[in-house]
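This is the structure I have questions about; it appears just below.
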Amino acid sequence: MAGESGELMEEIRLTFPRKVAYLRFATSISKQICQQIEECREDKSFASDVELCVSEACTNAIKYGRSGEMEDVISLYFQIFADKLVIKVQDKGSGFNLNNLPDPDIESLPDRGYGLYIIRSKMDDVQYTHTEEGNFLTMIKFFKGDFNV
Amino acid sequence: MAGESGELMEEIRLTFPRKVAYLRFATSISKQICQQIEECREDKSFASDVELCVSEACTNAIKYGRSGEMEDVISLYFQIFADKLVIKVQDKGSGFNLNNLPDPDIESLPDRGYGLYIIRSKMDDVQYTHTEEGNFLTMIKFFKGDFNV
Amino acid sequence: MKLNVARKDGILIITPQVKRIDANVASDFKSKLIDFLDNGDKIIVINLSKVDFIDSSGLGAMVLILRKIGTDGRIKLCKLKEGVSSIFELTRLDEVFEIHKSEEGALESLKTG
Amino acid sequence: MKLNVARKDGILIITPQVKRIDANVASDFKSKLIDFLDNGDKIIVINLSKVDFIDSSGLGAMVLILRKIGTDGRIKLCKLKEGVSSIFELTRLDEVFEIHKSEEGALESLKTG
Ligand SMILES: Nc1ncnc2c1ncn2[C@@H]1O[C@H](COP(=O)(O)OP(=O)(O)O)[C@@H](O)[C@H]1O
Ligand SMILES: Nc1ncnc2c1ncn2[C@@H]1O[C@H](COP(=O)(O)OP(=O)(O)O)[C@@H](O)[C@H]1O
């Protein structure tokens, strides 16, 4: 894995039915991809952090991403750059406002609302875009040793 | 998994760089899909036959599917029907003629040419089509208990 | 979701027999735990020794049970693996749940406390 | 590809330390085997006890070695798992390779035969 910072090197795409039974397809491919990337192997928690965030993001896409179309699917993109892994989760639901989400208020013992808090904690950057092709949650994690925005 | 024969129930798609290192992504998703399908779990050799054929077909797509495009990728489609699993392997190479392939002549100890022989032996039907979107090797395997064309 | 269930001195000990508690099993886990509460169990130890991976769906199931038990009963977790334990810390749920290293420790604390 | 290598009475015993012999490792496997031939090894036992999965890329590597050894030397396979063994049968390569159940059996047959 060599290449200039910022240069996309490889992309892996997985598209699967919007069903919770397929969640493990997403997490298992996430594990394999991190195994594949040398830079991740040196950072012990990289793979497990990514797996956790993929699980959270895909769970949300499955729960909230109902499209109304015949083919109700979720797509997962792993983009390997020289300095970072970018993960995109695409659903075709009505979307939401990422910036309006409060962190969970532990004192009130909420039984939900931890997903995006976990994603934000584990990732270096999280973005959400609504396009004609659907909603994309973009999660960015830099390889250790590289700069960390 | 219920549904009329002939009705497509679920589709899983994986797209990955045309590199041998990604072969195991293809076989591992194949194993998971067969685990997912109840009809396969009852047929002990179903999953291992499919895994073998996915390995053979993807190896060929990787070896011979050079596209010349910037994004040189292979796509793998698993289509689960009520009565069968259909697997499509897509490459963007120049293609070949499936019908012209002789079985390997063991007496002459060939060190290649076993791939499509194995695929044909293990699958119920094998087709090859050349379209504008690329070449598709389509492999069909019926679940046991259903009719077997 | 498969659970191992044992009872010791009126304490219910639940050991999930899965490696992953995610959205794929969380609702089943939740409803099985609720069944125990509905049947009168109030003092529960959840032994997570088999669990390698938990995400917010699994956490949510456990918080719901904690809330449902309220001040009527008690719940203890034990034998969290490192990855599981770190998610409790990240979400600060380690401050809300009583977490023990060993099952014996959890049981002991329920008898004495 | 990691190989365990041992020598007994002039026989080279190679035990691949991988679960899968597919296109991902086959060319490495092939060139390592060729190195042994180039260094004068002529009697080889390949112990496949660790291998769960082999496909035509792996088969091809082994047939190439068999052809390269020719009548100068001998090659034996042993400890094939069921899945591996069934692919040798399907391709009729079980008629071409001498296959033994145990490593001892393979070694014994090379001494006596
Ligand atoms: N893919 C999505 N599509 C639509 N809404 C979403 C999506 N992901 C998250 N949300 C919204 O954000 C909220 C917070 O998500 P999260 O932190 O994962 O917690 P939870 O799903 O447990 O509520 C959700 O309740 C939902 O309203
Ligand atoms: N995806 C493909 N694109 C182009 N040619 C192919 C493809 N798959 C197979 N072929 C052709 O078919 C031949 C036989 O394939 P196979 O039986 O797998 O054996 P091998 O790859 O060892 O030659 C190959 O040598 C190649 O010429």
Side-chain angles (χ1 to χ4, degrees), chain A residues 16-31 34 43-65 74 76 89 91 101-123 126 137 139, chain C residues 1-2 16 18-34 37 44 46 48 51-75 77 80-99:
Chain A
F16 55 92
R18 198 180 63 77
K19 291 185 180 171
V20 87
Y22 287 97
L23 190 56
R24 289 174 194 195
F25 286 60
T27 50
S28 113
I29 204 121
S30 152
K31 275 200 249 185
C34 291
D43 179 355
K44 264 184 121 184
S45 64
F46 195 102
S48 56
D49 286 352
V50 169
E51 184 191 355
L52 178 59
C53 293
V54 165
S55 187
E56 299 293 353
C58 290
T59 297
N60 283 350
I62 293 166
K63 277 200 314 202
Y64 307 115
I74 306 299
L76 182 57
V89 179
D91 68 49
L101 283 185
D103 284 348
D105 168 32
I106 278 299
E107 321 299 311
S108 66
L109 283 185
D111 65 337
R112 43 181 296 185
Y114 299 98
L116 279 159
Y117 171 73
I118 289 174
I119 291 174
R120 281 172 163 156
S121 310
K122 293 289 189 186
M123 289 286 152
V126 184
L137 183 77
M139 306 185 283
Chain C
M1 189 172 116
K2 244 196 111 199
V18 293
K19 289 195 172 166
R20 306 176 68 82
I21 307 188
D22 57 15
N24 200 28
V25 299
S27 59
D28 186 27
F29 183 41
K30 197 152 53 185
S31 70
K32 284 199 166 112
L33 286 172
I34 290 176
L37 299 195
I44 302 181
I46 302 180
L48 293 173
V51 178
D52 294 327
F53 178 91
I54 193 165
D55 69 5
S56 69
S57 302
L59 295 178
M62 289 203 270
V63 175
L64 188 82
I65 296 311
L66 182 67
R67 229 169 48 207
K68 243 184 151 342
I69 281 193
T71 49
D72 271 15
R74 290 182 75 185
I75 187 164
L77 310 184
L80 277 62
K81 293 194 181 180
E82 206 195 300
V84 173
S85 167
S86 77
I87 294 166
F88 275 86
E89 283 159 31
L90 175 66
T91 52
R92 292 183 45 212
L93 285 171
D94 62 330
E95 300 168 18
V96 164
F97 282 98
E98 296 175 73
I99 299 177

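First the proteins, then the strands, lettered A, B, ... as listed; each starts at 1.
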Exercise. Of the non-hydrogen atoms in A:Thr59 and C:Ala23, which two are nearest, and what is the gap between them?
Worked result: CG2-CB, 3.6 Å
For this session: Would you give the length of the straight line joining atom OG of C:Ser56 to atom CG of A:Leu52, rounded to the nearest 0.5 angstrom?
Result: 8.0 Å
For this session: Please state whether the side chain, the backbone, both or neither of A:Ser48 comes within less than 4.5 Å of a heavy atom of chain C.
Result: neither
Exercise. What residue, out of A:Pro104, A:Pro110, A:Cys58, has the most heavy-atom pairs lying under 4.5 Å from chain C?
Worked result: A:Pro110
Exercise. With side chains defined as the heavy atoms from C-beta onward, is the minimum distance between A:Thr27 and C:Arg20 less than 4.5 Å?
Worked result: yes
For this session: Select one option (side chain, backbone, both, neither) describing which atoms of A:Lys122 are under 4.5 Å from chain C's heavy atoms.
Result: side chain
For this session: Say whether, by atom type as modelled, one donor and one acceptor occur between the side chain of A:Glu56 and the main chain of C:Asp55 under 3.5 angstrom.
Result: no
For this session: Go through the steps to decide whether A:Tyr114 and C:Leu90 satisfy the test side-chain contact (heavy atoms from CB on, under 4.5 Å), and finish with yes or no.
Result: CA-CA 10 Å; A:Tyr114 299 98; C:Leu90 175 66; over 6 Å; no
Exercise. What pair of heavy atoms forms the shortest contact from A:Ile106 to C:Thr91, and how long is it?
Worked result: CD1-O, 3.1 Å
Exercise. Which bit of C:Ile54 is near chain A, if near means a heavy-atom gap under 4.5 Å: side chain, backbone, both or neither?
Worked result: backbone
Problem set entry | A:Ser45 OG to C:Glu82 CD distance, which is reported to the nearest 0.5 Å | 9.5 Å
Exercise. If you measure from the Lys or Arg side-chain nitrogens to the Asp or Glu carboxylate oxygens, is any gap between C:Asp22 and A:Arg24 under 4.0 Å?
Worked result: yes
Problem set entry | Atom pair OG/CG of C:Ser57 and A:Asp111 - distance to nearest 0.5 Å | 11.0 Å
Problem set entry | Structural part of A:Leu109 lying under 4.5 Å from a heavy atom of chain C | both
Exercise. Does the side-chain contact (heavy atoms from CB on, under 4.5 Å) test come out yes or no for C:Arg92 and A:Glu107, once each step is laid out?
Worked result: CA-CA 10 Å; C:Arg92 292 183 45 212; A:Glu107 321 299 311; 3.6 Å; yes
